[in-house]
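Convention: sequence-line order gives letters A, B, ...; per-chain numbering from 1. All values below were derived from every heavy atom in this structure, side-chain atoms included, with hydrogens, water molecules and symmetry-related copies excluded. Please read all numbers here as calculations on a predicted model, not as lab measurements.
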Protein chains: 2
Amino acid sequence: MPADLRSHHLRTLAYLLSRGARHNFVPVTTSELGRAVGRSQQAASRHVLDLEEGGLLERGPAPAAAAGRGVSLRITQRGYSEMARVYEELRGAMESHPSHVELDGVLVSGMGEGAYYMSLDGYTAQFRERIGYVPFPGTLNVRLSEARHVSAAVRLDQVGGELIDGFSDGRRTYGWVRCFAGSVNGAVGCHLIRLERTHHDPATVEVISRSNIRRACGLEDGSPVSIRLPM
Amino acid sequence: MPADLRSHHLRTLAYLLSRGARHNFVPVTTSELGRAVGRSQQAASRHVLDLEEGGLLERGPAPAAAAGRGVSLRITQRGYSEMARVYEELRGAMESHPSHVELDGVLVSGMGEGAYYMSLDGYTAQFRERIGYVPFPGTLNVRLSEARHVSAAVRLDQVGGELIDGFSDGRRTYGWVRCFAGSVNGAVGCHLIRLERTHHDPATVEVISRSNIRRACGLEDGSPVSIRLPM
DNA sequence: ATTACTAAAACTCGAGTAC
DNA sequence: TGTACTCGAGTTTTAGTAA
């Protein structure tokens with residue numbers, strides 16, 4: 001019996017627990033246990049023996065008169081404690097994990113193209129409808145500092161976000177824009193935007209906001225910027 | 001990569017999840033992962049490879065400039081689903097398992113001794129104080145039908161219950177009585193009693209109640225009786 | 001029907017080590 | 001420092017089968 005609970009042992013205990021084996025001896029067959037954990041009857045028999053030897057499970061009197069008619073099993077206090085330990089470890093991870101994308105980088109100056117495009121009527125009308133405001137004319141360009149952040153930013157395109165449709169003004173067409181709500185440096189609300197057509201390399205992302213973030217946060221070129229997008 | 005999540009794979013994912021790997025690439029070293037799951041660096045490296053091959057984990061660009069400086073890992077949608085599946089299986093067992101002892105048997109007629117003893121002043125005064133009533137004079141004798149229920153009943157002696165002290169009337173001494181609150185046939189409230197000195201074999205248990213259960217439930221000798229004791 | 005043994009195959013591990 | 005390969009040892013599996 002290894003020190004930690006192997007998954008088949010855990011699943012065996014979980015099955016027995018749901019059958020009421022915390023306080024009663026429950027009659028089961030090893031085939032049934034094997035089916036419950038997706039292993040053979042022989043393996044399940046072994047698991048029960050392991051768990052008994054480890055003091056996690058105890059065996060009661062055989063259910064019926066005839067021989068070889070299954071076993072009666074109950075989970076010991078120790079067995080339940082072990083289950084609880086594993087459960088808490090998993091619960092801790094599942095229920096309180098950070099659920100946002102974080103993109104860190106430094107502020108860089110753009111050429112003003114972002115501001116120009118985002119001010120076009122074809123976009124501003126949709127911004128008002130989809131994200132509730134018309135962006136301050138002037139986007140924040142952030143150069144992501146690590147490759148893993150770039151990767152994360154690129155993946156956003158597959159994740160969704162608010163879609164602003166592209167349009168045509170008769171002379172040329174403008175691509176779609178995807179907006180992801182979030183905040184800059186843990187304070188100012190913003191949207192990170194992903195453009196269908198961009199002149200930036202993938203390491204640079206653009207951020208829009210209701211107001212002038214650059215001024216509101218006292219940022220200048222080279223200032224560290226952390227963008228946090230709740231998922 | 002086996003079909004089900006082995007415990008080391010699960011724990012690796014849980015650690016990464018708590019580090020935020022659900023939505024971001026997290027930089028880690030395999031030694032760190034090994035420490036987190038109590039295995040060697042080599043094993044942890046293997047686990048990461050396994051999880052990648054199974055599509056549960058994906059690797060991002062290496063964190064820093066130099067070679068061999070750790071890895072960036074993120075949990076895939078599939079990986080998270082697998083974790084959620086296991087978590088739900090375990091949660092279902094841990095949070096909604098039957099938490100009562102059930103003892104099934106048939107009603108048998110006693111000799112009336114139970115009723116006699118339980119009516120002694122040395123007991124009745126304590127009954128009133130500890131369980132809130134003086135039992136109807138006449139205990140219900142239930143012969144447990146299966147050995148596993150007998151086992152469960154015997155174990156109750158170690159579990160606790162309301163203790164009624166023994167006493168002496170000068171001529172002889174009377175043993176302690178332990179009371180366990182519960183219900184008969186899912187309806188009538190009762191207490192199962194365990195006696196320090198009993199004339200019954202272990203397969204027969206006695207039940208007391210405020211009223212006459214035999215009449216209230218329309219029971220006669222041979223009627224099936226199910227005693228349920230919440231834990 | 002069962003449980004659980006044996007044997008062999010498959011898997012997992014850590015040590016040693018290449019890069 | 002790092003990752004991750006090979007390899008020998010230990011563990012876990014299933015098939016076959018005795019009781």
Practice prompt. Could you tell me which residues satisfy salt bridge (charged side-chain N to carboxylate O under 4.0 Å, His left out) with E113(A), sequence neighbours excluded, listed by chain and number?
Written response: none
Measure from [atom1] on [X] to [atom2] on [N] and round the result to the nearest Å.
X      : N       : atom1 : atom2 : value
R69(B) : dC19(C) : CZ    : C1'   : 14 Å
L5(B)  : dT12(C) : CG    : P     : 12 Å
E32(B) : dT3(D)  : CD    : C1'   : 14 Å
R11(B) : dC13(C) : CZ    : P     : 12 Å
D4(B)  : dC11(C) : CG    : C1'   : 13 Å
R59(B) : dG2(D)  : CZ    : P     : 15 Å
D50(A) : dC5(C)  : CG    : P     : 11 Å

Identify every side-chain donor-acceptor pair in residues 187-196 of chain B under 3.5 Å, counting partners at least two apart or on other chains, and give the distances.
| from | atom 1 | to | atom 2 | distance (Å) |
| --- | --- | --- | --- | --- |
| H191(B) | ND1 | Y133(B) | OH | 2.9 |
| R194(B) | NE | D157(B) | OD1 | 2.9 |
| R194(B) | NH2 | D157(B) | OD2 | 3.3 |
| E196(B) | OE1 | W176(B) | N | 2.9 |

Response to the item:
Those residues at least two apart in sequence (or on a different chain) that pass side chain to side chain contact (heavy atoms under 4.5 Å, CB included) with A36(A) are Y15(A)
Discussion item. For N141(A), give me all partners under side chain to side chain contact (heavy atoms under 4.5 Å, CB included), at least two apart in sequence or on another chain.
Written reply: V108(A), T139(A), H200(A), T204(A), E206(A)
Discussion item. Tell me every residue that passes ring-ring contact (aromatic ring centres under 6.0 Å, His included) with Y80(A), counting only those two or more places apart in sequence or in another chain.
Written reply: H97(B)
Worksheet item: Nearest of dA4(C), dT3(C), dT12(C) to any side-chain atom of L49(A)?
Response: dA4(C)
Discussion item. Let's see if you can work this out: which of dT3(C), dT12(C), dT13(D) has an atom nearest to the side-chain heavy atoms of V71(A)?
Written reply: dT3(C)
Worksheet item: In degrees, rounded to 10°, what is the bend between the two ends of the helix from dT2(C)-dA19(D) to dC19(C)-dG2(D), using five pairs at each?
Response: 30°
Would you please confirm or rule out a distance under 4.0 Å between OP1 or OP2 of [N] and any side-chain N or O of [X]?
X      : N       : answer
H8(A)  : dT13(D) : yes
H47(A) : dT12(D) : no
H9(B)  : dT12(C) : no

Worksheet item: For nucleotides 14-19 of chain D, read 5' to 3', which letter fits each nucleotide if B means a protein heavy atom sits under 4.0 Å from the base, S means only the sugar-phosphate is that close, and - means neither?
Response: BBB---
Worksheet item: Between R91(B) and E95(A), is there a salt bridge with N-O shorter than 4.0 Å?
Response: no
Worksheet entry | Pairs involving residues 175-187 of chain B, ordered by first then second residue, that meet salt bridge (charged side-chain N to carboxylate O under 4.0 Å, His left out) (sequence neighbours left out) | none
Practice prompt. Using a heavy-atom cut-off of under 4.0 Å over every strand shown, decide if S45(B) touches base, sugar-phosphate, or nothing.
Written response: base
Fill in: CD/E220(B): more than 12 non-hydrogen atoms of other groups inside 6.0 Å
no
Worksheet entry | D221(B): partners by side-chain hydrogen bond (donor to acceptor under 3.5 Å, both in side chains), with sequence neighbours left out | S109(B), R214(B)
